[in-house]
Amino acid sequence: MEDYKNKLGSLADKLKKEPAKTPVQEVRPVKELPADKEEEAQLNTWIPKSLLKRMRSYGVDQDLSLKAINILALTYFLDARSPHPEK
């Protein structure tokens with residue numbers, strides 16, 4: 001019992017002498033939102049599984065969502081086909 005009291009006493013002294021260790025918080029930058037967000041509409045399409053796999057792989061590599069990839073692809077396609085792209 002005496003040994004336990006000595007260990008407990010030395011622990012209290014150790015806690016008083018050493019400063020408390022606080023965890024370091026990691027800071028990550030916040031992604032900026034688009035300034036002027038356009039109203040959205042839903043689009044449902046069926047595509048080949050192989051194309052979906054390619055889209056997912058590309059999204060992981062480029063840190064893009066499937067929604068962002070769809071918007072980029074459709075915009076690029078329509079801008080290339082249309083003489084006067086709408087804005």
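A quick note: this is a predicted structure, and the numbers were derived from the prediction, not measured. Scope of the values below: all heavy atoms of this structure, side chains included, with no hydrogens, waters or symmetry mates. The chain is numbered in sequence order, starting from 1.
- Listed by chain and number, the residues in a side chain to side chain contact (heavy atoms under 4.5 Å, CB included) with Pro48 are Ser50, Leu51 (sequence neighbours excluded).
- Gln42 pairs by the side chain to side chain donor-acceptor pair (under 3.5 Å) definition with Asn44, not counting sequence neighbours.
- Residues satisfying the side chain to side chain donor-acceptor pair (under 3.5 Å) criterion with Glu26, sequence neighbours excluded, are Arg28.
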Give every donor-acceptor pair under 3.5 Å between a side-chain atom in residues 57-74 and any protein atom, sequence neighbours left out.
| from | atom 1 | to | atom 2 | distance (Å) |
| --- | --- | --- | --- | --- |
| Ser65 | OG | Ala68 | N | 3.1 |
| Lys67 | NZ | Glu40 | OE1 | 3.2 |
| Lys67 | NZ | Glu40 | OE2 | 2.7 |
| Asn70 | ND2 | Leu66 | O | 3.2 |

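- Pairs passing the salt bridge (Lys or Arg N to Asp or Glu O under 4.0 Å) check and including a residue from residues 48-57, sequence neighbours excluded, do not occur.
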